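Scroll down for the structure; my scribbles are underneath it.
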Amino acid sequence: MSNNEKNDFHYMARALILAERGRYTTDPNPRVGCVLVKNGKIIGEGWHERAGQAHAEVYALNHATQSVEGATAYVTLEPCSHHGRTPPCCDALIAAGISRLVVAMRDPNPLVAGQGLARCRDAGMDVVCDVLKEQAQALNEGFISRMTRKRPFVRSKIAMSLDGRTALANGESQWITSPPAREDVHRFRAQSSAILTAIGTVLIDNPTLNARVDFPLVQPVRVVLDSQLKLMPNAKMRDIDGQIWVLTCSDNAAKKATLERAGFEVYVLLDYQGRIDLQAVMAFLAQKEINNVFVEAGASLNGALLEANLVDEWLIYMAPCVLGDKGRGIFVLPELTSMKNKSHFHWQNVRHVGQDLRLTLSRKNNVVA
């Protein structure tokens, strides 16, 4: 590896660290970091914090410690080339006199899709792409999924006992896992665009479904799948500020109006065999600029999502306890009559969280590219 390549990896790694700082606040925009280097020294850096505020490149340019003319810009995502809430970043880099641009990955947004790189090249910049590409993709899996697959990246969390039970037969489930595991869950909630649950979970647990953390964040939208509009207008989640979307296939105008008066946003989607169509749910969430969905639900919804292959990553928190064979399982699925029909998963990661294990699995390669 040449010295130039080593330097590119070094400064791009720094840009990725900066981009990480926007993990909890940038929605619906991607997480982006930028480092400006001149004569072997960092002279400016920045990251995108919130939608509507300066993009990483502009922040770095505005806070540079000296003239940026002739400098190299390291950016974790291709500079934008269109007018959104802010002007194009590629134009800002060109106007500033940046001579070299190193990018981790191309922007999957059709409004950009290589145009930012092309404009920089046309302006005479030396452009290098795909430096630490996989790391950049992992940081923006939800944004990439929404742009390329027209649906969010979906992560489902399940807490279970050693014998694979998620609750007692009577529905009691608090608490299977330890406090450190529950704190870990709140961090995953915090980095999500939406928390998705089903009406059954709301009727049993009456959760708030907000992210309770000690750092700044944009609270995720709470989404309830409620085919028959059984949600109670005084549900506890209503007491917490933030958007709550109720997705239904019911045409009951009176129930819809009651929930809307209580502060819920109710959307009527297509049905499938009498229940809300999960494919329609994911398409709707993408249209609403939801990048990452965090599912916290029971066996029925998780089983339906598994059958539809709509979950990209499963987070299973396994506690060292036993609930017995009368407890509730993980998935409600049709009976299998042959072992060849069993669902296969791929291990991604296993780690201790407090006294519990967090198992991370997917059904396929979950890198969205």
Side-chain angles (χ1 to χ4, degrees), residues 16-33 46-53 56 59 76 135 138-143 145-146 152-160 166 173-197 201-202 205-224 235-245 263 285 288-297 311-319 348-360:
L16 285 164
I17 290 172
L18 294 170
E20 175 72 30
R21 296 183 183 180
R23 177 175 290 275
Y24 304 100
T25 58
T26 62
D27 268 0
N29 291 351
R31 300 142 182 168
V32 183
W47 68 94
H48 182 48
E49 183 175 354
R50 291 179 184 269
Q53 296 184 7
Y59 189 95
T76 59
Q135 291 85 341
L139 188 63
N140 282 306
E141 58 202 1
F143 179 77
S145 177
R146 178 164 66 87
F153 185 94
V154 180
R155 179 179 282 116
S156 183
K157 161 253 164 181
I158 296 170
M160 72 175 192
T166 60
S173 61
Q174 297 181 343
W175 297 103
I176 293 174
T177 54
S178 62
R182 299 198 293 275
E183 291 172 8
D184 197 54
V185 168
H186 279 282
R187 285 190 288 272
F188 276 104
R189 284 185 180 184
Q191 65 180 276
S192 303
S193 315
I195 300 172
L196 178 69
T197 194
T201 297
V202 177
D205 295 336
N206 198 15
T208 57
L209 288 183
N210 62 321
R212 298 185 287 279
V213 292
D214 59 359
F215 49 79
L217 79 158
V218 173
Q219 279 288 347
V221 178
R222 288 158 291 169
V223 182
V224 181
K236 196 159 64 173
M237 67 175 66
R238 194 193 61 163
D239 299 333
I240 304 296
D241 289 341
Q243 291 180 289
I244 306 172
W245 300 346
L285 294 176
K288 298 285 280 186
E289 297 190 315
I290 297 297
N291 291 334
N292 294 76
V293 172
F294 193 61
V295 180
E296 295 205 45
V311 175
D312 298 294
E313 186 173 282
W314 299 89
L315 291 182
I316 300 181
Y317 292 83
M318 186 170 69
Q348 302 295 330
N349 186 271
V350 178
R351 61 166 293 181
H352 270 106
V353 181
Q355 66 182 18
D356 306 313
L357 287 180
R358 188 183 74 200
L359 316 175
T360 306

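Just so you know, these numbers come straight off a predicted model, no measurement behind them. Numbering of residues begins at 1 and proceeds along the displayed sequence.
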Report summary line: Sequence neighbours excluded, the answer for side-chain hydrogen bond (donor to acceptor under 3.5 Å, both in side chains) partners of S178 is D356

**Report entry** Reported CZ-to-CZ distance for the pair R23 and F215, which is rounded to 0.5 angstrom
**Finding:** 10.0 Å

Query raised in the report: Do D241 and Q219 come close enough that some side-chain heavy atom pair is under 4.5 Å?
Result: no

Query - N210 versus R189, closest heavy-atom pair with distance - result: O-NH1, 2.6 Å

**Report entry** Closest heavy-atom pair and its distance - M160, T166
**Finding:** CB-CG2, 4.3 Å

Query raised in the report: Does the side chain of R146 reach to within under 4.5 Å of the side chain of I290, using non-hydrogen atoms?
Result: no

Query - Beyond-backbone contact of R21 with E49, side-chain heavy atoms, under 4.5 angstrom - result: no

Query raised in the report: Can you tell me how far the CG atom of N140 sits from the CG atom of N29, to the nearest 0.5 Å?
Result: 10.0 Å

Requested in this report: Start with the C-alpha distance between V218 and R50, add both sets of side-chain angles, then the distance that settles side chain to side chain contact (heavy atoms under 4.5 Å, CB included), and finish with yes or no.
Outcome: CA-CA 9 Å; V218 173; R50 291 179 184 269; 3.4 Å; yes

Query raised in the report: Which residues satisfy the salt bridge (Lys or Arg N to Asp or Glu O under 4.0 Å) test with R212, sequence neighbours excluded?
Result: none

Report task. Report the C-alpha distance between S193 and N291 in whole Å, list the side-chain angles of each, state the deciding distance to 0.1 Å, and finish with yes or no for side chain to side chain donor-acceptor pair (under 3.5 Å). Result -> CA-CA 6 Å; S193 315; N291 291 334; 4.7 Å; no

Requested in this report: Inspect the surroundings of CG in D239 and state if more than 12 heavy atoms from other residues, nucleotides or ligands are less than 6.0 Å away.
Outcome: yes

Requested in this report: Determine whether W47 and T26 make a side-chain contact, defined as any pair of heavy atoms from C-beta on separated by less than 4.5 Å.
Outcome: no

**Report entry** Qualifying residues under salt bridge (Lys or Arg N to Asp or Glu O under 4.0 Å), relative to K157, sequence neighbours excluded
**Finding:** E296

Query raised in the report: Does any N or O in the side chain of D312 come within less than 3.5 Å of the main-chain N or O of R155, such that one atom is a donor and the other an acceptor?
Result: no

Requested in this report: Return the minimal non-hydrogen interatomic distance between A51 and D27, and the atom names on each side.
Outcome: CB-O, 4.0 Å

Query raised in the report: How long is the span from the CZ atom in R238 to the CD1 atom in I244, to the nearest 0.5 Å?
Result: 8.5 Å

Query raised in the report: Quick one: does Y59's side chain get under 4.5 Å of Q53's, heavy atoms only?
Result: no

**Report entry** Minimum heavy-atom distance L139-R31, with the two atoms named
**Finding:** O-NH1, 2.9 Å

Report task. Over all heavy atoms of both residues, which pair between P220 and S192 is shortest? Give the atoms and the distance, please. Result -> CB-O, 3.3 Å

Query raised in the report: With respect to W245, which candidate in V224, L285, L196 satisfies the side chain to side chain contact (heavy atoms under 4.5 Å, CB included) definition?
Result: L285

Query raised in the report: Mind checking what makes salt bridge (Lys or Arg N to Asp or Glu O under 4.0 Å) contact with D205, not counting sequence neighbours?
Result: none

Query raised in the report: Residues in salt bridge (Lys or Arg N to Asp or Glu O under 4.0 Å) with R222, at least two apart?
Result: none

Report summary line: So CH2 of W314 and CD of Q348: to nearest 0.5 Å the spacing works out to 13.5 Å

Query raised in the report: Of all heavy-atom pairs between V32 and T76, which one has the smallest distance, and what is that distance?
Result: CA-OG1, 3.3 Å

**Report entry** From OG1 (T197) to CE (M237), nearest 0.5 Å
**Finding:** 7.0 Å

Query raised in the report: What residues form a side chain to side chain contact (heavy atoms under 4.5 Å, CB included) with R358, not counting sequence neighbours?
Result: D184, F188, L315, Y317, N349, R351, V353, T360

